[in-house]
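Worksheet: one structure, shown below.
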Amino acid sequence: MISLRSILFMLAMVITTPMIVSGLLLAFWLPVRRRRLLVMPWVRLVMWLIRHLLRIEHCVLGAENIPAKPCVILAKHQSAWETFALQTIFTMTAFVYKKELHWVPFFGWGLALMPFVSIDRAAGKEALKQVEDQGRRRLSDGYSVVVFPEGTRVAPGHKKRYKAGGAWLAARSGAPVVPVALNSGEFWGKNAFFKRPGRVTVSIGPAIDPAGLAVDEINRRAEAWIEAEMRRISPHLYR
């Protein structure tokens with residue numbers, strides 16, 4: 001059944017992704033916020049398929065920690081699951097992603113039409129300026145900016161160096177930092193075609209006020225909370 005459900009889910013994505021992107025291309029003349037709202041019914045459809053077809057449910061801990069104003073979300077990244085789920089857990093999100101994705105047919109074209117933050121990761125320090133310039137515009141427009149500080153998907157039970165882009169944006173903009181731990185990779189592995197049923201835990205930590213804090217300290221506090229929480233929600237991976 002896992003194989004059949006995974007195949008049906010992939011077929012649904014292959015059919016619906018070009019449809020929603022084609023709709024966005026036809027609606028290119030709409031204000032960018034309208035285009036962002038236009039994609040949300042598709043995101044909710046994907047989450048419905050994940051829940052009812054793949055049988056992957058989720059629970060959210062610490063929802064009371066979500067600020068009433070736009071924030072910088074520093075989240076664990078284990079699979080594609082959170083790129084959909086975080087859009088439904090937080091209101092009006094803008095993701096930071098590598099500009100090379102624009103070359104991916106349909107998916108990349110859709111990204112280019114969204115009010116997201118695209119960066120050239122090969123640009124070194126210039127990439128930080130791209131995060132700051134675009135990120136501040138998104139925050140001022142009412143979007144919370146989602147940053148995966150490890151820069152890529154990381155297998156459950158492992159970690160990579162936390163990069164400073166999200167903390168830099170918070171320090172420069174004054175927006176609070178919201179750390180997020182999750183264990184989606186236990187059911188939806190990196191590059192895995194077959195997804196296993198289960199319940200993903202998404203844990204949202206207390207917001208970090210960047211006022212008076214150095215970028216390294218903001219990053220350190222977020223990393224400390226996320227990694228400690230990962231050990232709490234997935235203790236079997238950290239023995």
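In this view, R232 and L61, S203, E229 satisfy the side-chain contact (heavy atoms from CB on, under 4.5 Å) rule, not counting sequence neighbours. By the ring-ring contact (aromatic ring centres under 6.0 Å, His included) test, W109 is found to be paired with F106, residues two or more places apart in sequence or in another chain being considered. Annotation: side-chain contact (heavy atoms from CB on, under 4.5 Å) contacts of D209 (sequence neighbours excluded): A211. Remark: W48 engages H52 in a ring-ring contact (aromatic ring centres under 6.0 Å, His included) (not counting sequence neighbours). Residues passing the side-chain contact (heavy atoms from CB on, under 4.5 Å) test with A12 are L49, sequence neighbours excluded.
Applying the ring-ring contact (aromatic ring centres under 6.0 Å, His included) definition to pairs two or more places apart or across chains, none involves residues 193-239. Listed by first and then second residue, the salt bridge (Lys or Arg N to Asp or Glu O under 4.0 Å) pairs that reach into residues 184-201 are E57-R199, sequence neighbours excluded. Pairs engaging residues 18-41 under the ring-ring contact (aromatic ring centres under 6.0 Å, His included) rule: none recorded [sequence neighbours left out]. The list of side chain to side chain donor-acceptor pair (under 3.5 Å) pairs with a residue in residues 12-24, not counting sequence neighbours, reads T16-W42. The side chain to side chain donor-acceptor pair (under 3.5 Å) contacts involving residues 137-151 comprise K76-E150, where partners must be two or more places apart or lie in separate chains.
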Distance-only donor-acceptor pairs under 3.5 Å for side chains of residues 158-169, two or more places apart:
from: K159; atom 1: NZ; to: E223; atom 2: OE2; distance (Å): 2.8
from: Y162; atom 1: OH; to: E227; atom 2: OE2; distance (Å): 2.6
from: W168; atom 1: NE1; to: E132; atom 2: OE1; distance (Å): 3.1

What donor-acceptor contacts under 3.5 angstrom involve side-chain atoms of residues 86-96, with partners at least two apart or in another chain?
from: Q87; atom 1: OE1; to: R36; atom 2: NH1; distance (Å): 3.2
from: Q87; atom 1: OE1; to: R36; atom 2: NH2; distance (Å): 2.9
from: Q87; atom 1: NE2; to: T83; atom 2: O; distance (Å): 2.7
from: T88; atom 1: OG1; to: A85; atom 2: O; distance (Å): 2.8
from: T93; atom 1: OG1; to: R36; atom 2: NH2; distance (Å): 3.1

